[in-house]
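First the structure, in the form of structure tokens, and then the observations on it.
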Amino acid sequence: MSYLELTNIHKAFGTSVAVENFNLSVEQGEFISFLGPSGCGKTTTLRMIAGFEIPTSGYITINSNDLTYLPPNKRNVGMVFQSYALFPNMTVAENIGYGLKIAGKNKSEIATRVEEMLALIHLEDYGKRYPFQLSGGQQQRVALARALAFQPQVLLLDEPLSALDAKIRVELRMEIRRIQQTLGITTIYVTHDQEEALSLSDRIVVMSQGKMEQVGTPSEIYNFPATEFVAKFVGQINLIPVDAHEPEEGLVKVGSQVVRTAKYEILDNKPLRLAVRPEELNPGHLDGANNLSGKVDSITYLGSIVRIRVDVEGHPFSLDVFNERKLNMPVVGEQFQVNFPVDACWIL
Amino acid sequence: MDQTLPPPVVPAKKSIWERLSETNWIGLVPFFAFIFFFLLLPSSNLLLKSFQDFNGNFTLSNYAVMQNPYVIKAYSVSLRVSVITSVVGGVFGFFVAYAIVLGNTPKWMRNFLMTFSGLAANFGGVPLAFSYIATLGRTGFVTAILKSICYPDPTGAQVCPFNPYDNGFNLYSMTGLVLAYTYFQFPLMVLTITPALEGLKKEWREASANLGASPWQYWRDVALPILAPSILGATLLLFGSAFGAYATAYALTGGSIYLITILIAQQIRGDVLNNPYEGYALAVGMIVIMGITILAYNVLQRRTSRWLKS
Ligand SMILES: Nc1ncnc2c1ncn2[C@@H]1O[C@H](COP(=O)(O)OP(=O)(O)OP(=O)(O)O)[C@@H](O)[C@H]1O
Ligand SMILES: [Mg+2]
């Protein structure tokens with residue numbers, strides 16, 4: 001049995017279902033992200049682990065102890081909130097030491113532990129300050145230290161960075177990963193930011209409308225999305241309606257042009273779609289690859305990359321190329337050749 | 001490294017006229033005028049007169065009235081009524097506000113309670129006293145109903161044990177006064193404390209539970225300390241409103257209970273001691289008591305709100 005288990009979790013608020021049929025096994029020390037659009041049930045699932053919501057059915061165990069119905073203050077699970085939620089009437093040190101004080105630890109033990117935690121979050125000199133005297137990023141680091149100080153079994157974070165600005169967000173997310181690895185603490189991280197999930201996690205749970213879409217490593221999620229939802233939600237993708245050609249050979253037709261992919265099956269009435277990421281497409285002709293020809297539709301500069309949209313017999317393909325100075329950009333309306341590896345595309 | 005820093009930017013000093021003209025102080029003129037004409041002017045007038053005799057000469061003798069046992073009694077009764085009603089009304093009002101904000105009170109009930117509080121907090125004086133007399137007075141209708149509940153006791157004789165006036169209750173007394181004052185005190189508390197309770201973030205409760213705290217520990221360590229400045233301020237407001245009240249008490253007890261306000265009124269009208277100047281001295285005494293209370297409040301406020309943004 002894994003360290004943290006969620007088994008057949010189902011949660012309804014009145015008649016609306018927030019989470020259904022949720023099964024997840026988390027190993028000790030693993031960093032798991034819940035990734036999905038707003039309202040897909042990430043927070044609800046996290047709150048069930050913390051004890052702020054009770055599942056309508058199913059159960060949750062940590063270390064083989066069933067805690068499905070345990071009140072939140074008996075769970076020994078640390079939580080970091082999006083809004084920091086520091087106690088404004090306590091200093092930084094008092095905030096961090098609060099869990100230990102409640103646990104009845106003695107003063108010197110608390111003081112030592114608080115010092116350790118302050119060092120861990122690089123805020124050694126801030127112990128005597130009040131929360132209002134800190135920046136958002138500092139407050140969230142204190143909240144992290146507070147959630148970790150009493151050595152919880154699991155750390156839960158609900159969009160901890162979304163109230164911060166972009167630069168701090170990247171900085172702090174690396175901090176979180178570093179601290180998580182230093183302590184080896186089992187962590188669940190809720191986010192709707194795919195970059196965060198991809199860069200932080202050992203595994204990602206992609207959710208949509210209360211259901212798990214796919215569970216996998218960042219590379220599995222990105223390179224082998226299991227469903228159309230995942231393919232669209234994580235990264236950019238071309239999803240092009242195609243006609244079946246020779247399923248056994250893995251051949252499909254884009255308009256009149258043939259593309260080779262992996263072997264596929266024709267399920268009745270299910271439209272076939274070819275999936276390929278824009279960065280897998282290259283300009284020009286390449287022998288042994290899939291080659292398509294079309295017309296340049298538009299060119300968009302996105303900073304380090306340039307996105308070229310090519311119309312292939314009425315089907316728009318996007319391709320991303322690095323924005324190099326020596327690059328010869330095509331002209332809109334021009335004939336254009338694209339190629340992509342056979343193993344970089346699949347049928348969804 | 002050879003870096004030349006740009007010269008520091010020194011803001012140009014502005015003349016006082018420039019600074020005055022750029023602030024929106026005009027909007028405060030009515031406020032200061034009000035304070036001046038209705039607070040500073042009357043109280044300094046009061047203070048001056050309390051040191052004058054009938055001929056307008058300076059004297060300290062007006063303050064000798066403070067040694068009069070009646071006066072001492074009146075102050076202490078006033079203080080007692082104010083403290084009791086502000087604590088009773090405060091605690092009761094706090095729980096009503098708590099139910100409104102944090103309980104699962106249905107929305108229509110909330111609206112009703114808030115509207116009622118707004119009305120009741122301003123319902124004082126003679127009408128309030130009269131309402132009480134009409135309900136709980138000797139011939140009030142609630143008294144009448146309670147009186148009429150009769151049944152035969154084991155011996156067969158008819159008994160009516162619920163008449164409040166047979167059970168030691170008397171509306172025209174200290175109890176009645178506390179009851180009447182509480183009627184406007186608790187809604188005042190509801191009105192002033194509700195916004196503070198609404199300011200308690202749900203995440204604070206959840207974070208404390210997450211750290212192992214029981215609901216009781218959450219209230220002790222987080223919620224009450226955060227609310228303390230507001231509770232203090234609200235209680236002071238209740239104290240002030242009770243301490244200065246006059247008409248309710250006078251109409252209810254007909255002057256049989258000597259509050260300091262009633263005594264002052266009589267003094268100035270010349271009923272008892274026939275010396276309005278002593279009345280001024282008594283009023284100054286009230287101002288001093290309010291002043292001390294506000295000072296104490298400030299000290300406590302500062303101690304309970306160190307963590308507030310200044
Ligand atoms: N207390 C509640 N009462 C009723 N419905 C709720 C409650 N909490 C959540 N829901 C509903 O459950 C669904 C899932 O909500 P949840 O907060 O888990 O989404 P989320 O994935 O965290 O979204 P976001 O990214 O916006 O935070 C939503 O449809 C939401 O409206
Ligand atoms: Mg959420």
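Please read all numbers here as calculations on a predicted model, not as lab measurements. Basis for what follows: all heavy atoms, side chains included, without hydrogens, waters or symmetry-related copies.
- Here NZ of B:K201 is found 11.5 Å from CZ of A:F87. Values are rounded to the nearest 0.5 Å.
- Using a distance-only test at 3.5 Å, with no hydrogens or angles considered, a donor-acceptor pair links the side chain of B:N210 to the main chain of A:V77.
- The 12-atom threshold is not exceeded at CZ of B:R302, counting heavy atoms of other residues, nucleotides or ligands nearer than 6.0 Å.
- Considering all non-hydrogen atoms of both residues, A:Y98 and B:Y218 come closest at OH-N, 4.5 Å.
- Distance CD1/A:I102 to OG/B:S208: 7.5 Å, rounded to 0.5 Å.
- To the nearest 0.5 Å, atoms CD (B:E203) and CG (A:D158) are separated by 9.5 Å.
- Other residues, nucleotides and ligands contribute more than 12 heavy atoms inside 6.0 Å of the CE atom of B:M174.
- Counting non-hydrogen atoms of other residues, nucleotides and ligands closer than 6.0 Å to CZ of B:F95 gives a total of 12 or fewer.
- Other residues, nucleotides and ligands contribute over 12 non-hydrogen atoms within 6.0 Å of the CZ atom of A:R75.
- Annotation: side chain of B:V222 is in contact with side chain of A:M90 (closest heavy-atom distance under 4.5 Å).
- Nearest approach of B:A209 to A:F52, heavy atoms of both residues: CB-CE2, 4.3 Å.
- In this structure, CD in B:E206 is found 4.0 Å from CZ in A:R47, a value given to the nearest 0.5 Å.
- Of all heavy-atom pairs between A:A85 and B:A207, the closest is O-CB, 4.0 Å.
- Neither the backbone nor the side chain of A:L100 has a heavy atom closer than 4.5 Å to any heavy atom of chain B.
- Atom OH of A:Y59 sits in a sparse spot, with 12 or fewer heavy atoms from other residues, nucleotides or ligands closer than 6.0 Å.
- Checked by atom type and distance alone, the side chain of A:N89 pairs as donor or acceptor with a backbone atom of B:D221 at under 3.5 Å.
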